[in-house]
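Since the structure comes first, as structure tokens, the remarks are kept for the end.
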Amino acid sequence: MNSKLSLRKKIALELFRKYRDNAKKLHQLNYIFWECTLRCNLNCLHCGSDCKKEALVKDMPISDFIGAVDDVSGIVEPNKTMIVLTGGEPLVRTDLEICGKQLYERGFPWGMVSNGFHLTSKRLQSLLQAGLRAVTISLDGLENSHNWLRGNPKSFENAVNAVGLLSETEDLKFDVVTCVNQKNFNELDQIKELLLSKGVKEWRLFTVFSIGRAKENRELQLNPVQFKSLFDFIARERKKGDIKLNYGCEGFLGNYEGEVRDNLFFCRAGVNVASVLIDGSISACPNLRDNFSQGNIYQNSFKTTWENRYSIYRDRSWMKTGECSDCSSFKYCEGNGMHLRDEKTGKLLFCHLNRIKEGEEACKM
């Protein structure tokens with residue numbers, strides 16, 4: 001597929017741009033991440049938070065997070081606002097059920113993102129009784145490639161077991177995410193067959209960029225030809241319809257927009273998505289820290305922060321610099337996902353569209 005936009009795609013993107021601009025004006029909060037711990041039971045090569053078994057920063061008390069949730073309760077519709085527990089690895093906390101019950105009592109659906117290593121049938125039932133509604137499990141390849149990325153020889157086995165448990169659970173929304181890299185790129189067909197055999201209905205693919213530990217390993221990043229081929233794979237598999245396959249929400253993809261995920265590109269960080277980080281920082285996606293944080297629940301009202309700050313998220317004209325300054329797609333892309341910006345300088349670290357174009361040129365040679 002050529003990255004140059006077709007007329008049909010331009011019309012769709014123009015209509016979507018108006019929708020996006022209106023969404024930014026309304027900035028209705030409907031998705032909240034809680035970074036509940038920086039502890040983790042694995043040692044992943046691509047970790048963006050540099051989590052460890054024993055984190056230097058202590059877990060945030062549940063009462064502090066619930067206080068922040070109560071603070072924004074007046075500006076959200078609880079039953080339409082998803083709260084997602086992330087980390088680190090949430091399951092290293094033994095008190096998630098306490099938090100879950102309090103969220104459930106307030107009418108908030110809640111879920112978690114997990115590596116699945118500690119998910120047992122007993123723990124799952126306990127979490128379900130506390131109102132658990134959704135789970136995302138990471139499975140990053142077949143056994144060798146997954147364990148290589150995750151740094152534990154039993155990680156693959158435990159993740160597959162977790163997927164099996166979830167697929168057998170009624171009234172629970174779950175999906176599997178895979179970080180595509182050079183080790184697992186040629187395994188995608190086999191991974192798909194494995195997921196289908198385990199009853200998985202939804203699968204999301206992400207690519208790895210040079211942030212966190214991923215800066216140290218070139219094997220984590222796809223070359224331009226692989227990068228473009230990934231979207232050809234997704235577009236092809238989506239047409240088959242035997243599994244609901246989506247590329248992650250990051251990055252404008254040119255003519256692949258509308259072909260590889262359910263929605264057109266829209267970085268909702270700070271528009272509909274907020275997060276409370278482990279130290280109380282109020283941000284958007286958990287990957288956005290330091291200069292992208294907008295306040296702190298220990299000094300600022302979460303509600304007031306959401307209503308009156310986040311200007312760098314909602315007006316992204318400041319991104320039109322460097323390689324974005326003369327890009328004809330900027331009005332659709334607005335400078336890529338926020339997490340692909342340097343937190344100190346704001347410089348774009350990775351452009352999906354340019355990488356796709358590089359792949360197209362390489363394929364012609």
Side-chain angles (χ1 to χ4, degrees), residues 12-35 48 68-69 71-84 86 108-111 113 134 136 204 206 246-253 257-258 261-277 281-297 300-321 324 329-343 346 348-353:
L13 289 167
E14 284 293 340
L15 292 173
F16 189 77
R17 184 160 68 100
K18 295 178 181 179
Y19 161 78
R20 185 190 66 213
D21 290 345
N22 188 56
K24 288 191 290 185
K25 291 176 182 177
L26 297 174
H27 54 264
Q28 177 61 53
L29 178 59
N30 55 30
Y31 210 92
I32 302 172
F33 286 99
W34 179 33
E35 187 180 59
V69 172
D71 190 23
V72 295
S73 61
I75 62 170
V76 302
E77 296 183 60
N79 64 335
K80 295 181 180 179
T81 305
M82 187 69 185
I83 297 181
V84 178
T86 184
F108 289 94
W110 68 277
V113 179
T136 292
R204 280 183 293 156
F206 287 83
N246 277 286
Y247 181 62
C249 59
E250 58 196 21
F252 179 71
L253 306 174
E257 289 297 327
R261 54 190 166 208
D262 292 344
N263 302 301
L264 299 177
F265 173 67
F266 181 8
C267 178
R268 293 182 180 272
V271 178
N272 306 111
V273 179
S275 68
V276 176
L277 304 182
S281 294
I282 301 170
S283 187
C285 295
N287 283 330
L288 296 167
R289 320 178 83 86
D290 297 338
N291 291 340
F292 288 144
S293 294
Q294 300 297 294
N296 192 293
I297 63 168
N300 311 107
S301 160
F302 192 6
K303 173 186 174 181
T304 301
T305 300
W306 180 259
E307 290 183 319
N308 300 321
R309 298 189 182 180
Y310 285 93
S311 60
I312 62 171
Y313 292 85
R314 297 165 190 167
D315 178 3
R316 303 193 183 184
S317 57
W318 62 271
M319 290 184 170
K320 196 171 175 60
T321 59
C324 295
S329 295
F330 183 84
K331 59 183 176 180
Y332 308 129
C333 174
E334 290 197 317
N336 220 329
M338 287 285 288
H339 73 287
L340 295 173
R341 292 273 164 175
D342 184 273
E343 292 173 343
L348 180 63
L349 301 174
F350 188 93
C351 176
H352 290 66
L353 194 57

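This is a predicted model, so every value here is computed, not measured.
None of Glu14, Glu257, Arg17 except one satisfies the side chain to side chain donor-acceptor pair (under 3.5 Å) rule with Tyr332; the exception is Glu14.
In this structure, Arg314 contributes its side chain and Arg309 its backbone to a donor-acceptor pair below 3.5 Å. The backbone N or O of Thr305 lies less than 3.5 Å from no partner atom in the side chain of Gln294, so there is not a single donor-acceptor pair.
For the pair Asp21 and Lys24, the salt-bridge criterion is met [side-chain N within less than 4.0 Å of a carboxylate O].
Within the 4.5 Å cutoff, no side-chain heavy atoms of Tyr19 are placed close to those of Leu264. Looking only at side-chain heavy atoms (C-beta outward), Asn272 and Tyr31 stay at 4.5 Å or farther from each other. At least one side-chain heavy atom of Met338 sits under 4.5 Å from a side-chain heavy atom of Cys267. Using a 4.5 Å heavy-atom cutoff, the side chains of Phe292 and Arg341 are in contact.
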Can you list, pair by pair, the side-chain donor-acceptor contacts under 3.5 Å of residues 74-84, counting residues two or more places apart and other chains?
residue, atom, partner, partner atom, Å
Thr81, OG1, Glu77, O, 2.8

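Rounding to the nearest 0.5 Å gives a distance of 16.0 Å between CZ of Arg268 and OH of Tyr313.
Taking the six-membered ring where the residue is Trp, His352 and Tyr247 present perpendicular rings, their angle passing 60° and hence far from 30°.
Here Ser301 pairs with Asp71, Lys303, Thr304 under the side-chain contact (heavy atoms from CB on, under 4.5 Å) rule; sequence neighbours left out. For Asn246, the side-chain contact (heavy atoms from CB on, under 4.5 Å) criterion is met by Arg204, Arg238, Lys244, Arg261, Asp262, not counting sequence neighbours.
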